[in-house]
Each structure stands twice: as C-alpha cells, then as structure tokens.
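The structure under discussion appears below in the form of structure tokens.
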Amino acid sequence: QYCKSPDPGIFRSVSPGGWVKFQPNIGLSPNRLFSENGRSFLLTMGYEMRIEKTEIDQAGIAHTRYQEYFNNIPIIYGHFIAHGRNGDIQSGDGKIYTAPVIKEKASINKETSVRIAMTYAGSSRYWWQDSLREANLKRKSGNPSATYYPNPELYFFYNESQNQLILCYRLNIQATDPGKSGAVFLDAESGMVLLWKSFEPSTCDAALVNTVWYNSRTIYTSFASGW
C-alpha cells in the first residue's frame, strides 16, 4: 500500500512490486528506518517492523531483513529488506501489509487446530507417533522434551481480496506415507485452511534474470532444507 501514494520526503522512486529507492543524503539508518518513518510506510498503531538479521555481501552492501508484526504477532510474508552501505540505506524491497479490517478472534483452541491439520495432511501416521524418530530428535537436540508433535503458533494472514488481516494458527506437520508434510495455516476462528507450504524439495530450471545490483545473472536453484 505504501507504494500507491509514496511519501516524496523519503522515497525517490517506487515500483508496484515493492521496490523503492530512497532520497539521498537523508540519513536513513537500518535501526531507525521504521521507528522514525513508520507513517511513510502507512504503519499505524499496533504495526511494527523488527530486524531479523543483517548480511553483508561480497560487494560490501548490507542487507537488513525485517519481519512485520501486528500486536506482537508476525504477519505471514510481511517482510522488507533494506539495502545500503556504511549504515546508510539507499533502497529496499518487500511487502508490508496494513488493513482496515483485522480479525483477531480465536474460536478454536490449539488441540482442535492440530486435529484439523492432521485431517488436512491426510496421513495415517505422523513423525511424533514414531518412537525412533522422537528418540533421535531428543538425542540430537539435547532436549529431552523435544518432539515433532505440532506446536500451534499465532500468525496473521493477509487476505488480499478482502483487504483484511486474519488471525491464524501455523502448524508444522511431518507425515509418513501416505500423506504430506508441510506448514499449514488455519483460520483461528473458522478452522479453514488459509495456506499450505509444502516441505517437499522443489527446484526449477536455470533462468537469466536482471538484478538491481549485479546486472544480468543466471540463477540456479537447489534444495537445502526448510523453507
């Protein structure tokens, strides 16, 4: 939304996809980008951007990644990455979600959400029901309480068609055959599945892309772990 009516005080240029270039010489610091300029990103009371990590590439460019929260609950895909040098931000990209309607009601409890997620995964057996997998997890983690049993976590999901944030549960489901493994996001009020993120390996063919910092590059993909 912040790209639709950009603030000329800090934005030099914007794109509909969320890419922005900031005005030069205005002293944008990664630590204060959103605390001092939240209104320019349409962040009203309750919304917050928190730094997750900062990485410096071979060219010396720092990339600071932020996660968006509403009332201390993370928003799925609410991320922004600021790019710059020497503590001064020049550009950024990402998705920041603000909505006029926010559904914060949780009518189903965590145990019910686990049952719904298991039904959706469609397996007759899960990793936490395998004593050997559970024992290996406890041994490798050094935590005697470690388990694959799903631990529902609260998130907000942005519904673009209705322009609203929906409170949901995220559950990681590890299933044996038959079935599927992934992260499922359930509406905390209705129990409806809002999103499924498979844990199955997925790659695509090499492709030539244009980049902001490195001109044209051939991109290759490979599966490592997680998502």
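The distance from the OH atom of Y97 to the CG atom of L43 is 13.5 Å, given to the nearest 0.5 Å. Note that the CG atom of L167 and the OH atom of Y155 stand 12.5 Å from one another [nearest 0.5 Å]. One finds the OH atom of Y149 at 8.5 Å from the CD1 atom of I173 (value rounded to the nearest 0.5 Å). The OG atom of S15 lies 10.5 Å from the NZ atom of K21; values are rounded to the nearest 0.5 Å.
Every pair passing salt bridge (charged side-chain N to carboxylate O under 4.0 Å, His left out) that includes a residue from residues 136-161 is listed here, sequence neighbours excluded: E134-K138. Counting only residues at least two apart or in different chains, salt bridge (charged side-chain N to carboxylate O under 4.0 Å, His left out) contacts with residues 106-126 are absent. Within the structure, the salt bridge (charged side-chain N to carboxylate O under 4.0 Å, His left out) test picks out the following pairs touching residues 59-81 (sequence neighbours left out): E52-R65.
Between Y2 and V20, the closest side-chain pair of non-hydrogen atoms falls below 4.5 Å. For the pair L171/P152, a side-chain contact is recorded, criterion being any heavy-atom separation below 4.5 Å from C-beta on. No side-chain heavy atom of N172 sits under 4.5 Å from any side-chain heavy atom of P150. Side-chain contact check for H63 versus D57: some heavy-atom pair is nearer than 4.5 Å. Side-chain atoms of V184 and L186, non-hydrogen and from C-beta on, do get closer than 4.5 Å to each other. Between I108 and I116 there is a side-chain heavy-atom pair separated by less than 4.5 Å. Residues N71 and E104 are in side-chain contact: their nearest non-hydrogen atoms beyond the backbone lie under 4.5 Å apart.
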Stepwise side chain to side chain contact (heavy atoms under 4.5 Å, CB included) test for C168 and D187:
CA-CA 4 Å; C168 64; D187 187 322; 5.5 Å; no
Apply side-chain hydrogen bond (donor to acceptor under 3.5 Å, both in side chains) to residues Y158 and N163 and explain how you reach the verdict.
CA-CA 7 Å; Y158 177 69; N163 192 20; 2.8 Å; yes
Step by step, would you call E189 with K103 a side chain to side chain contact (heavy atoms under 4.5 Å, CB included)?
CA-CA 9 Å; E189 182 177 7; K103 296 177 63 178; 3.5 Å; yes
S123 vs T176, side chain to side chain contact (heavy atoms under 4.5 Å, CB included): CA-CA, chis, key distance, verdict
CA-CA 7 Å; S123 178; T176 56; 4.1 Å; yes
Could you walk me through whether T64 and I51 pass the side chain to side chain contact (heavy atoms under 4.5 Å, CB included) test, one step at a time?
CA-CA 7 Å; T64 303; I51 293 178; 3.9 Å; yes
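Residues passing the ring pair (Phe, Tyr, Trp, His ring centres under 6.0 Å) test with F80 are F34, F41, sequence neighbours excluded. Residues satisfying the salt bridge (charged side-chain N to carboxylate O under 4.0 Å, His left out) criterion with D130, sequence neighbours excluded, are R133. For R50, the salt bridge (charged side-chain N to carboxylate O under 4.0 Å, His left out) criterion is met by E48, not counting sequence neighbours. Q23 meets the side chain to side chain donor-acceptor pair (under 3.5 Å) test with no other residue; sequence neighbours excluded. Residues satisfying the side chain to side chain contact (heavy atoms under 4.5 Å, CB included) criterion with D93, sequence neighbours excluded, are W19, I81, H83. A search for side chain to side chain contact (heavy atoms under 4.5 Å, CB included) contacts involving L195 returns I76, Y77, F157, F185, K197, not counting sequence neighbours. Residues satisfying the side chain to side chain donor-acceptor pair (under 3.5 Å) test with N37, not counting sequence neighbours, are none. K4 meets the salt bridge (charged side-chain N to carboxylate O under 4.0 Å, His left out) test with no other residue; sequence neighbours excluded.
By the rule that hydrophobic residues join a cluster once side-chain heavy atoms approach within less than 4.5 Å of another member, Y69 and Y47 end up as members of separate clusters. Residues V14 and M49 share a single hydrophobic cluster, defined by chaining ILVMFWY side chains whose heavy atoms lie under 4.5 Å apart. Hydrophobic clustering of Ile, Leu, Val, Met, Phe, Trp and Tyr side chains at less than 4.5 Å, counting indirect connections, keeps I56 apart from I89. L154 and F156 fall within the same hydrophobic cluster, defined by Ile, Leu, Val, Met, Phe, Trp and Tyr side-chain heavy atoms under 4.5 Å apart, directly or through other members.
The two residues A99 and Q164 come nearest to each other via the heavy atoms CB-CA, 3.7 Å. Taking both residues in full, the closest heavy atoms of S161 and N159 are given as OG-OD1, 2.8 Å, listed atom of the first, atom of the second, then distance.
At least one donor-acceptor pair closer than 3.5 Å links the side chain of N143 to the backbone N or O of S145. With hydrogens and angles disregarded, a donor-acceptor distance shorter than 3.5 Å links the side chain of S181 to the backbone of A175.
Taking the six-membered ring wherever Trp is involved, the centroid distance between the rings of F11 and F22 falls below 6.0 Å. The six-membered or imidazole ring of Y148 lies away from that of W128, with a centre-to-centre distance of 6.0 Å or more.
No more than 12 heavy atoms of other residues, nucleotides or ligands sit less than 6.0 Å from atom CG of N25.
Seen from the ring of Y120, K180 counts as a face-on cation partner, given the 6.0 Å and 45° thresholds.
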Could you list the donor-acceptor pairs under 3.5 angstrom formed by side chains in residues 26-33, with sequence neighbours left out?
| unit_1 | atom_1 | unit_2 | atom_2 | d |
| --- | --- | --- | --- | --- |
| S29 | OG | N31 | N | 3.3 |
| R32 | NE | E36 | OE2 | 2.9 |

